[in-house]
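Have a look at the structure below, then the notes.
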Amino acid sequence: MTAIFRHPIIVPPEAIDGLGHVNNVVYVQWMQDAAIGHSNAVGCTRLSLDAGAHWVARTHQIEYLRPAFAGDEIHVLTWVADFRKVRSLRKYKFIRARDEVVLAAAQTDWVYVNASSGRPQAIPPEIQQLFQLLADEP
C-alpha cells in the first residue's frame, strides 16, 4: 500500500481558457478524477457501494502557483491526510512532469454519506484501513 496516488494528465486544448492557460475550474475536475482513481485502485469505491454509501465533497481549497498550458503533462498526486467520524481530508499536488514544478496545491474535505438517506454516516474501519494516511505533503 502506498500513501500517494499518481494521476497523469496531458492538458487537452479544451481545458484552456481565454487567458491561454488551464481554467481554474478544470483543476476541480482533475481533483475528483484523481480521488476516484485512488479510491478505485485500493477498493474503496466498491466497498463503499457494497455498504450502501458514497463520498460527497464538502469543501475544496486550491492554491494556484503557476499556470499550465495545452500539451503539458501534469501529475496529480493525491493522498488521504486523515479520517474523522464521517469526514476525510484528501490533499493534492499538481506537478508539471518535465521540470517537476508545483503548479497548484489543493485539498478536499469529503463526507461519507448513506446512499439511501443522504445523511452522513461513520466511516467503517475497513474503509479506513485501505489507505495509508499522510498528514504532511510529500
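Hydrogens, waters and symmetry mates play no part in the numbers below; they use all other heavy atoms, side chains included. We count residues from 1, following the sequence as given.
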So [Y] and [X], do their side chains get closer than 4.5 Å, heavy atoms only?
{"X": "W79", "Y": "Q132", "result": "no"}
{"X": "T108", "Y": "Y92", "result": "yes"}
{"X": "W30", "Y": "T78", "result": "no"}
{"X": "V11", "Y": "I16", "result": "yes"}
{"X": "R84", "Y": "L89", "result": "yes"}

**Request:** Using side-chain hydrogen bond (donor to acceptor under 3.5 Å, both in side chains) as the criterion, list what pairs up with T59, not counting sequence neighbours.
**Result:** none

**Message:** Test of understanding: with side-chain hydrogen bond (donor to acceptor under 3.5 Å, both in side chains), list the residues that count as partners of N23, not counting sequence neighbours.
**Reply:** none

Locate the shortest heavy-atom distance separating [X] from [Y]; write the atom from each residue and the value.
{"X": "S88", "Y": "V80", "value": "OG-CG1, 3.4 Å"}
{"X": "L134", "Y": "A3", "value": "CB-CB, 4.1 Å"}
{"X": "I62", "Y": "A104", "value": "CG2-CB, 4.4 Å"}
{"X": "P67", "Y": "H21", "value": "CB-CB, 3.9 Å"}
{"X": "P13", "Y": "A70", "value": "CA-CB, 4.4 Å"}

**Prompt:** Is the distance between the ring centroids of F131 and H38 under 6.0 Å?
**Reply:** yes

Sub-3.5 Å donor-acceptor pair from the side chain of [X] to the main-chain atoms of [Y], do we have one?
{"X": "Q128", "Y": "I123", "value": "yes"}
{"X": "Y64", "Y": "N24", "value": "yes"}
{"X": "S39", "Y": "T45", "value": "yes"}
{"X": "D72", "Y": "I74", "value": "no"}

Going hydrophobic residue to hydrophobic residue with side-chain gaps under 4.5 angstrom, can you get from [X] over to [Y]?
{"X": "I127", "Y": "I36", "value": "no"}
{"X": "Y112", "Y": "L133", "value": "yes"}
{"X": "L130", "Y": "F83", "value": "yes"}
{"X": "V28", "Y": "V22", "value": "yes"}
{"X": "V26", "Y": "I10", "value": "no"}

Nearest 0.5 Å please: distance from the [atom1] atom of [X] over to the [atom2] atom of [Y].
{"X": "R90", "Y": "H60", "atom1": "CZ", "atom2": "NE2", "result": "12.0 Å"}
{"X": "I4", "Y": "L77", "atom1": "CD1", "atom2": "CG", "result": "6.5 Å"}
{"X": "R96", "Y": "L103", "atom1": "CZ", "atom2": "CG", "result": "5.5 Å"}
{"X": "H75", "Y": "K93", "atom1": "NE2", "atom2": "NZ", "result": "14.5 Å"}
{"X": "H7", "Y": "F94", "atom1": "NE2", "atom2": "CZ", "result": "9.0 Å"}
{"X": "Q61", "Y": "M31", "atom1": "CD", "atom2": "CE", "result": "9.0 Å"}

**Message:** For the residue pair S48 / H54, report whether a side-chain donor-acceptor contact shorter than 3.5 Å exists.
**Reply:** no

**Prompt:** With a cut-off of 6.0 Å (strictly less than), are more than 12 heavy atoms of other residues, nucleotides or ligands near CD of E14?
**Reply:** yes

